[in-house]
Structures are given as structure tokens and as C-alpha cells.
Trainee: 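Structure in C-alpha cells, see below.
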2 protein chains.
Amino acid sequence: MSKSEVVELPVLDAGAAVPCCPPITSAELSPADAERMAVMFKALSDPVRLRLFSKVASHAGGEACVCDIADVGVSQPTVSHHLKKLRESGLLTSERRGTWVYYKVAPSVVAAMSAMLDLRD
Amino acid sequence: MSKSEVVELPVLDAGAAVPCCPPITSAELSPADAERMAVMFKALSDPVRLRLFSKVASHAGGEACVCDIADVGVSQPTVSHHLKKLRESGLLTSERRGTWVYYKVAPSVVAAMSAMLDLRD
DNA sequence: ACTCGGTATCGACGGGTGTCAACATAGACA
DNA sequence: TGTCTATGTTGACACCCGTCGATACCGAGT
């Protein structure tokens, strides 16, 4: 039941507005919003994924080739697996250019997480 | 060899400074920092926990009794289990006052997560 | 002391997740 | 065409995690 249809994740192109959510101090999350946001937090809940994400985000030009960030102490298939999860959760987007695949962060999605955790009263 | 030792995870009492971390756009996370931050993200990676956290954060007075927030569609033991995880990850603190137990958010920890996701260039 | 309501812990079950080796796919270039 | 390099996919494995019912713990009244 729970999982059934989940949200579909239409790839959310990097510029799309992410309506969710006001700061958590201002109002409680609806079950649906909680479901959506939890997916994003889950994407960053693994140390390896967090490092991959951080490597992309901090890379010059705002994007990085897999070959630039793959050195995180796990096998290549595992890196690929984690990048896929980050992509599916909407935090990263990828684009193939010739031999290499480049990843960059989806700013609006990350901004939504940051805004939600903003605690100013 | 930097400030290194700040860590230890001594249950982090609510007021403690959380040195981690600069915005992810500015530098890549160290493996150790990634490990620490992943714990916090993991705490918010479940829809039920996210709702509980949001209920505490948005509650009048900045704190809430378990009885005020327990209605999230799962059994009481499960609520207790999730609140424990939020406590252990440092996002919430709890205090018993008479019959009831009150939870409130640990502002510095949440602020660290928000700051890390701040994307301004 | 006893009971009662609020909260935490225990033990078990089922599904999810990170990891790897092996294999598949996609461009580039000879 | 064929080979080489970069990346993704598959299948299998061990482990983690969310959930529940049963039970224990803790204060407050009676």
C-alpha cells in the first residue's frame, strides 16, 4: 500500500518551482508533503551519497563528471547506484556529453530543503 | 589536523555548538563530516518522523507533549520509537515533567543542516 | 498499597537498502 | 568493423529499518 504510486517524479527539470514547504516552525507538514520531503532527506541519509552530492555541489562550474567524483571508497557499480538515487530523488540532474556523464545539483530542490529547516522565528 | 576533535557525539545537549559544516557549494565534505551529517538527514528520511518533527517544531511554545503529536497514523510504540531516533540523532531533546514527556527541537543541529544546504554563490 | 493513564522497551516479522562481481551499453577512435 | 574506456544494470547477499502486540516503567491520585 504505502509505496504504490508514489509521486512519479517527472524528473523535475532543474528550474522547476518546488512549492513545498514553509519553515517547519510555521506549520506542521501535511502527510503528503512529509512523504515528498522525506524522499529528499533519504537521498542524503547515506554517507557515500552525501559525499557524492557534496563533490558535485562544490565542483568548479557547478557540475562534475562521474570520473571526477567516483573516488569515495566503494566500487564503481555502487557509485552508479547512488548517483541514480540522487537523480531519482530530484537532487541531481545528469547529462551525457560524449564519453562522460556530468551531474549537477538541482538548485530549487535543495533550496526547498534548506528553507524548510530555516528556524528563524 | 584542523580542529579535528570537536566531535565525540556526547548526546549533544541542545545548546552545544555544531561546527559542521560550511555550505556544500564551498567545499566537499570530509568522510567524517559526511558520516555525522548523514545521521541527521537519516533522522528526517521517514515520513512519520518528519511529521513528528514538524509537529514539535511548529507547536506553540516550541515544545510539545507526546500526547499532542502522537496522532500520525501509527501505533504508540512506533511513535515512541521514532521520537527516540529523533532524540538520538540530536534533532530533538526530551524532558519529563510529571506524567508527560515534552519534546523540543535542538536549534543548533537543525541550523547546521539548513546552513549546509544553503546554495547562495 | 493499589490502580490508572502516559510513555518506553522488547521481540518478532516483512520489506527495504548498500554492496559487490559479472555483465551490458554507449561513444570514441583506430 | 573492432577494441578500449566510461558508465549503467542485474542478481545475489547480508544487514538495517518500520511496524506491531505484549509488556514494563513511571508519576499521580485514590
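Note that this is a predicted model, so its numbers are computed, not measured. Within every chain, numbering begins at 1; the chains are lettered A, B, ... in the order of the sequence lines, protein sequences first and strands thereafter.
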Trainee: Please examine the side chains of B:L83 and B:V101, heavy atoms only from C-beta on, and report whether any two atoms are closer than 4.5 Å.
Mentor: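 In short, these two side chains do not touch, never coming nearer than 4.5 Å.
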Trainee: Toward the 5' end of DNA chain C, which comes first, B:H81 or A:Q76, by nearest nucleotide?
Mentor: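 First, find each residue's nearest nucleotide; the 5'-ward one identifies B:H81.
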Trainee: By salt bridge (Lys or Arg N to Asp or Glu O under 4.0 Å), which residues pair with B:K104, not counting sequence neighbours?
Mentor: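 If we apply the salt bridge (Lys or Arg N to Asp or Glu O under 4.0 Å) test to B:K104, skipping adjacent residues, there are no hits.
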Trainee: Suppose we screen for salt bridge (Lys or Arg N to Asp or Glu O under 4.0 Å). Which residues come up paired with B:E95, at least two apart in sequence or across chains?
Mentor: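 B:R97.
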Trainee: Can you check the B:Y102 OH to C:dA8 C1' distance for me, whole Å?
Mentor: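 Interatomic distance, OH of B:Y102 to C1' of C:dA8: 17 Å.
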Trainee: Select from A:V74 and A:R97 the residue whose nearest nucleotide in DNA chain C is closer to the 5' end of that strand.
Mentor: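 Looking at the nearest nucleotide for each, A:V74 comes out on the 5' side.
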Trainee: Does some side-chain heavy atom of A:S54 sit less than 4.5 Å from a side-chain heavy atom of B:E28?
Mentor: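 With C-beta onward as the side chain, the pair touches.
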Trainee: Name all residues meeting the side-chain contact (heavy atoms from CB on, under 4.5 Å) criterion together with A:S26; count only those two or more places apart in sequence or in a different chain, and write none if there are none.
Mentor: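 Applying side-chain contact (heavy atoms from CB on, under 4.5 Å) to A:S26 gives A:P22, A:P23.
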Trainee: List the residues meeting side-chain contact (heavy atoms from CB on, under 4.5 Å) with A:S75, not counting sequence neighbours, and say none if there are none.
Mentor: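 Per chain and number, A:S75 pairs via side-chain contact (heavy atoms from CB on, under 4.5 Å) with A:P77, A:T78.
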Trainee: Select base, sugar-phosphate, or nothing to describe what A:S80 touches, counting heavy atoms under 4.0 Å on all strands.
Mentor: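 Base, at least one base heavy atom under 4.0 Å.
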Trainee: Taking the nucleotide of DNA chain D with the nearest heavy atom to each, does A:S94 or B:G73 sit closer to the 5' end?
Mentor: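 Result: A:S94.
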Trainee: List in chain and number order the residues that pass side-chain contact (heavy atoms from CB on, under 4.5 Å) with B:A115, two or more places apart in sequence or in another chain; answer none if no residue qualifies.
Mentor: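 Per chain and number, B:A115 pairs via side-chain contact (heavy atoms from CB on, under 4.5 Å) with no residue.
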Trainee: Among residues 44-55 of chain A, which contact DNA chain D at a heavy-atom distance under 4.0 Å?
Mentor: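 DNA chain D contact set from residues 44-55 of chain A: none.
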Trainee: Please give me every residue in residues 63-72 of chain B whose heavy atoms get under 4.0 Å of an atom in DNA chain C, ordered by residue number.
Mentor: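 The stretch gives B:C65, B:V66, B:C67 as the residues lying under 4.0 Å from the strand, ordered by number.
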Trainee: Can you list the residues that meet the side-chain contact (heavy atoms from CB on, under 4.5 Å) rule with B:R49, with sequence neighbours excluded?
Mentor: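 Partners of B:R49 by the side-chain contact (heavy atoms from CB on, under 4.5 Å) criterion, ordered by chain and then number, come out as B:S45, B:D46, B:H82, B:K85, B:L86.
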Trainee: Can you find a heavy atom in the side chain of B:L92 that is under 4.5 Å from one in the side chain of B:L52?
Mentor: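 A side-chain contact under 4.5 Å is absent here.
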Trainee: Looking at B:L91 and B:A43, what are the two nearest heavy atoms and their distance?
Mentor: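 Minimum heavy-atom contact is CD1-CB, 3.5 Å.
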Trainee: Hey, does B:Y103 have a side-chain heavy atom less than 4.5 Å from the side chain of B:R87?
Mentor: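 B:R87 reaches B:Y103 side chain to side chain.
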Trainee: Rounded to the Å, how far apart are B:L86 CG and C:dA8 P?
Mentor: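 Result: 12 Å.
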Trainee: Give A:T78 one of three labels, base, sugar-phosphate or nothing, depending on what nucleic acid heavy atoms sit under 4.0 Å from its own.
Mentor: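 Base contact.
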Trainee: Rounded to the nearest Å, what distance is computed from the NZ atom of residue A:K85 to the P atom of nucleotide C:dT19?
Mentor: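 Going from A:K85 (NZ) to C:dT19 (P), I get 11 Å.
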Trainee: Tell me, do A:Q76 and A:S80 make a side-chain contact under 4.5 Å, heavy atoms counted?
Mentor: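 Sidechains of A:S80 and A:Q76: in contact.
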Trainee: Dump every N/O contact between nucleotides 10-13 of chain C and the protein below 3.5 Å, one line per pair.
Mentor:
none

Trainee: Expressed in angstrom and rounded to an integer, what is the separation of A:E95 atom CD from C:dG27 atom P?
Mentor: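 From A:E95 CD to C:dG27 P: 13 Å.
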Trainee: Just to be sure I understand the rule, does A:Y103 reach a base, reach only the sugar-phosphate, or reach nothing, if contact means heavy atoms closer than 4.0 Å?
Mentor: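 Touches sugar-phosphate only.
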Trainee: State, yes or no, whether a side-chain contact exists between A:L117 and B:L44 at a heavy-atom distance under 4.5 Å.
Mentor: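 Counting from C-beta outward, A:L117 and B:L44 do come under 4.5 Å.
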Trainee: Quick check for you: name the first and last nucleotides of DNA chain D, 5' to 3', having an atom under 4.0 Å from a heavy atom of chain B.
Mentor: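 It runs D:dC17 to D:dA28.
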Trainee: What is the minimum heavy-atom distance between A:V79 and A:A70, and which atoms define it?
Mentor: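 Smallest interatomic distance, heavy atoms only, reads CG2-O, 3.7 Å.
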